[in-house]
Amino acid sequence: MSTEAKNVLILGTGPAGLTAAVYAARANLEPLVYQGPEPGGQLTTTTDVENFPGFSEGIMGPDLMEEMRKQAERFGSEIKTGWATKVDLSSRPFTVSFEGGEEVKANTLLIATGATAKTLGLEREKEMMGFGLSTCATCDGAFFRDQEIVVIGGGDSACEEATFLTKFGKRVRLILRRDAFRASKIMEERVHKNEKIEVIYNQNLVDILGDRKSGVTGAVLEHSDTGEKTEIECAAIFYGIGHHPNTELFKGVLEMDENGYLITRPDSTQTNVEGVFACGDVKDHVFRQAITAAGSGCMAAIEAERYLAEQE
């Protein structure tokens with residue numbers, strides 16, 4: 001058990017958590033950073049990242065996160081591995097318990113636990129993620145110019161992804177497992193009006209064709225009623241079935257919206273508990289980009305620094 005309270009405890013080592021660590025460390029706050037089961041966050045599941053400023057030729061997702069980690073450690077951040085199991089935010093210093101019985105006390109807590117893209121649980125998802133299979137059209141759409149693209153889902157997320165991808169793809173096929181959309185009427189109408197989108201009803205994605213060398217080459221669909229299987233050719237498959245924020249630890253403790261995203265004050269990363277800040281995808285269900293996550297990590301560290309100065 002840690003006896004002396006840390007100035008700054010950061011949960012998460014994605015772009016938000018590591019940027020917060022850089023800023024907190026440079027402010028001589030000696031942040032302690034915990035990485036969970038997916039160090040580096042969602043970027044570690046991507047290949048080329050071309051939209052992060054400062055890398056004119058692009059950079060591999062895992063390489064970008066490794067550089068961020070080295071930068072945070074260079075300024076004195078301590079990074080450990082641990083799975084937080086319980087938080088006590090009723091008094092300062094806050095207490096965070098980890099698997100194995102370790103407890104850490106901290107004067108400020110920065111939550112950067114991110115969000116996880118929903119998947120279908122197919123056998124080859126992990127193998128093909130980042131090799132033609134993606135959960136982010138904004139991140140990866142430009143890699144598939146003038147190619148056949150498939151989008152899975154029938155809600156607003158899928159409609160938004162499909163519409164965006166028509167900027168790049170030769171054709172976008174939107175695969176719905178039912179005979180109707182779950183999306184809002186305005187999003188459904190937008191899809192139907194777009195000549196580059198073909199809607200395919202009553203089909204489920206059951207397999208992904210291709211390999212890491214050639215990328216995705218096709219999709220195997222199964223009819224929801226008959227079970228009949230068909231193969232279609234495509235260069236990319238995008239999941240548009242939503243995300244869920246990694247906020248289970250804070251249920252009943254911090255304010256959240258109906259989907260579990262942490263609520264922060266306007267123009268701030270401050271949660272409803274003084275001294276607890278949230279940054280990155282754990283509070284952002286709109287943009288969900290590495291650069292916006294990094295920006296909010298910067299905000300959280302600066303706010304934590306100011307908060308600590310006020311307490312003194």
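Computation of the quantities below employed the complete heavy-atom set of this structure, encompassing side-chain atoms and omitting hydrogens, waters and symmetry-equivalent molecules. Note that the coordinates shown come from a computational prediction; the quantities given were computed from them, not determined experimentally.
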Same cluster (ILVMFWY, side-chain, under 4.5 Å), Leu262 and Leu89: yes
Shared hydrophobic cluster, Phe75 / Val33 (ILVMFWY, side-chain heavy atoms < 4.5 Å): no
Stepwise salt bridge (Lys or Arg N to Asp or Glu O under 4.0 Å) check, Arg69 with Glu66: CA-CA 5 Å; Arg69 180 192 176 100; Glu66 181 61 24; 5.0 Å; no
Derivation and outcome, side-chain hydrogen bond (donor to acceptor under 3.5 Å, both in side chains), residues Tyr307 and Gln270: CA-CA 10 Å; Tyr307 175 80; Gln270 172 68 61; over 6 Å; no
Asp281 vs Arg288, side-chain contact (heavy atoms from CB on, under 4.5 Å): CA-CA, chis, key distance, verdict: CA-CA 6 Å; Asp281 287 10; Arg288 296 198 301 263; 4.0 Å; yes
Phe94 side chain reached by Val87 side chain, heavy atoms, under 4.5 Å: no
Any side-chain heavy-atom pair of Val191 and Met187 under 4.5 Å: no
Co-membership, hydrophobic cluster, residues Ile10 and Tyr23, 4.5 Å side-chain: no
Single-linkage hydrophobic cluster Met299~Leu11, side-chain heavy atoms < 4.5 angstrom: no
Parallel, tilted or perpendicular, as decided by the 30° and 60° cut-offs, for the rings of Tyr34 and Phe98: parallel
From Leu176, Thr135, Leu205, residue fulfilling side-chain contact (heavy atoms from CB on, under 4.5 Å) relative to Ile152: Leu205
Salt bridge flag under 4.0 Å for residues Glu148 and Arg173: yes
Worked verdict on Lys196 versus Asn194 for side-chain contact (heavy atoms from CB on, under 4.5 Å): CA-CA 5 Å; Lys196 292 182 75 174; Asn194 195 315; 3.5 Å; yes
Check: Glu30 and Lys6 side chains under 4.5 Å, non-hydrogen atoms: no
Derivation and outcome, salt bridge (Lys or Arg N to Asp or Glu O under 4.0 Å), residues Arg265 and Glu303: CA-CA 12 Å; Arg265 293 176 184 169; Glu303 288 190 284; over 6 Å; no
Any Phe144 side-chain heavy atom under 4.5 Å of Phe238 side chain: yes
Residue pair Phe55 / Val49, side-chain heavy-atom distance below 4.5 Å: no
Min side-chain heavy-atom separation Glu125-Ile208 under 4.5 Å: yes
Side chain to side chain, Leu254 and Val273, heavy atoms closer than 4.5 Å: yes
Close side-chain approach of Ile291 and Pro53, heavy atoms under 4.5 Å: yes
